[in-house]
Structures are given as structure tokens and as C-alpha cells.
A.B. asks: 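Okay, here's the structure, questions in a sec.
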Amino acid sequence: DIALLFLSVVADILCEFLEVAIHLILYVREVYPSGIFQKRKKYNVPVQMSCHPELNQYIQDTLQCVKPLIEKNEAEKVVVVIMDKEHHPVERFVFEISQPPLLSISSETLLSHVEQLLRAVILKISVCDAVLDNNPPGCTFTVLVYTRESATRNMEKVQVIKDFPWIVADEQEVLMQEPRLIPLKTMTSDIVKMQLYVEERAHKG
Amino acid sequence: KSAGAHILKPLMSPPNREEILTTLLEL
């Protein structure tokens, strides 16, 4: 039971982290005007969070649907895709998540340590523009979830919000040809391991 | 990519930049 409780807490922590990370990516990569962002403090570091209600709601709804998959250890990757005007991906921020077997989790497992590790990931995102090329104007974004098992089975689990349906993404539409791979950060804790890297299109146009 | 993995995405798109700029101007 303690293990299941931990998975639920880990899903909460990860979704809160992903929310901060998505806002920060949208700010750093200039997907939206900087005027809608406000400086806030998360994990004891300054971050930029959107104040636009519609955008915030969209991100929250997305993550609320991702949470049950993380809770059941069924989300392999959460990917923030930035697309050009023609809806072709220019950058993919890939959060590769893996959780250890439930048996290895005990009441001694420290959750506070996880938050310290997540801070380091946030810091890396906030400076990632230094290693990425500028994006073309008019970019938009989407969030993808790579599930470990059959999508049709998991589809039911992600439809947790009425009026926020999910569909199976076409691989051709979300993949890039020969992307440049930029590792940003790897974090390893007792209860979750996460690797963040960016796949960047060679010629962004 | 592991075998059997599938990719899911929200059907709806987020608000686009133009919509957000319009809201900003209205404010």
C-alpha cells in the first residue's frame, strides 16, 4: 500500500513539475509573447509562468489526463513538441520517465530529494536557448504521451476530463528526420528516473 | 522506442499566438 501511495505522490510531483517545465519551455522558446508570462519562484528558483487563463487551463487539462498514466507507470515519455506554421515539428522536448519496481520502494524513500533533483532540470530548461537555434515565427505546440502498452487500452484512462478528448497521434506527423540530439539533464532518485533531451530539426527554415 | 508503445495527443490545440495577442490587446 505504501508503494501505491508513493506512486500517487510521485505522479503529483511529476505533473506539478511538468506544468512548470511546459510554461518555462513556452517562454524560453518564445512560443507565446513574453507579456503573458510572470516571474514566479518554484523549487526555489525563478521561473516564468503564463498568466493567460485559457492557456493555463489547457496545460492543466492536459496534465490531469497524463497523471493516471504516470500513476500506473504507463507513461514512457511525455514530449512537448514545438511546431512551425505548417505543423511540422521543429523541436521536441522529451521527458523520458522510468519508475523502479514497486518492491524497491519503502517508507525510507525520501521525496524531498526528488524536488531538489527537479530543480536542476528546471535550471537546465531555463538556459536551453543557448544551445538551440532560433525557431521560425508563428510556432505552436502540443503535448504527446508515449504509453508503454496499447494506446487503445490507455485511451480510456486518459479520457478523465469531459470535453478534453485524446487521440492516437500519427507517428509520421510527430517525428523528425535525422534530428540533432541535445541531452539536457538526467536525474536519478529512489522513486523516479528522468532523462530530458531535446530533438532539434536540422533546418528550421 | 519500445515495442508496443503508442503515442497519444489531445484532440484540441492550445490557443494560438494570434488569439493570445488579441486578448493582450483587449486588456
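Every value quoted in this text rests on a predicted model; they were computed, and no experiment measured them. Here is the naming used below: chain letters follow the sequence lines, and residue numbers restart at 1 for every chain.
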A.B. asks: More than 12 foreign heavy atoms under 6.0 Å from CD of A/Q48: is that the case here?
C.D. replies: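 Atom CD in A/Q48 is crowded, with more than 12 foreign heavy atoms closer than 6.0 Å.
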A.B. asks: Does atom NZ of A/K204 have more than 12 heavy-atom neighbours, drawn from other residues, nucleotides or ligands, at distances under 6.0 Å?
C.D. replies: yes
A.B. asks: Which answer fits A/D163, side chain, backbone, both or neither, if we ask what part of it has an atom under 4.5 Å from a heavy atom of chain B?
C.D. replies: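 Interface part for A/D163: backbone (N, CA, C, O).
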A.B. asks: Which atom pairs, one a donor and one an acceptor, fall under 3.5 Å between side chains of residues 8-16 of chain B and the rest of the protein, sequence neighbours left out?
C.D. replies:
residue, atom, partner, partner atom, Å
B/K9, NZ, A/E173, OE2, 2.5
B/N16, OD1, B/E18, N, 3.1
B/N16, OD1, B/E19, N, 2.8

A.B. asks: To the nearest 0.5 angstrom, please state how far the CG atom of A/L26 sits from the CZ atom of B/R17.
C.D. replies: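 Nearest 0.5 Å value for the CG-CZ distance: 11.0 Å.
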A.B. asks: Which donor-acceptor pairs under 3.5 Å do side chains of residues 118-133 of chain A form with protein atoms, sequence neighbours excluded?
C.D. replies:
residue, atom, partner, partner atom, Å
A/R119, NE, A/Y43, O, 2.7
A/S126, OG, A/L123, O, 2.7

A.B. asks: Is there side-chain contact between A/L55 and B/I20, with at least one heavy-atom pair below 4.5 Å?
C.D. replies: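 In short, these two side chains touch, coming nearer than 4.5 Å.
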A.B. asks: Just wondering, more than 12 heavy atoms not from A/Q38 lying within 6.0 Å of its CD?
C.D. replies: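 Atom CD in A/Q38 is not crowded, with 12 or fewer foreign heavy atoms closer than 6.0 Å.
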A.B. asks: Does any heavy atom of chain B fall under 4.5 Å from the side chain of A/V174, the backbone, both, or neither of them?
C.D. replies: side chain
A.B. asks: Distance from B/I7 atom CD1 to A/I167 atom CD1, nearest 0.5 Å?
C.D. replies: 11.5 Å
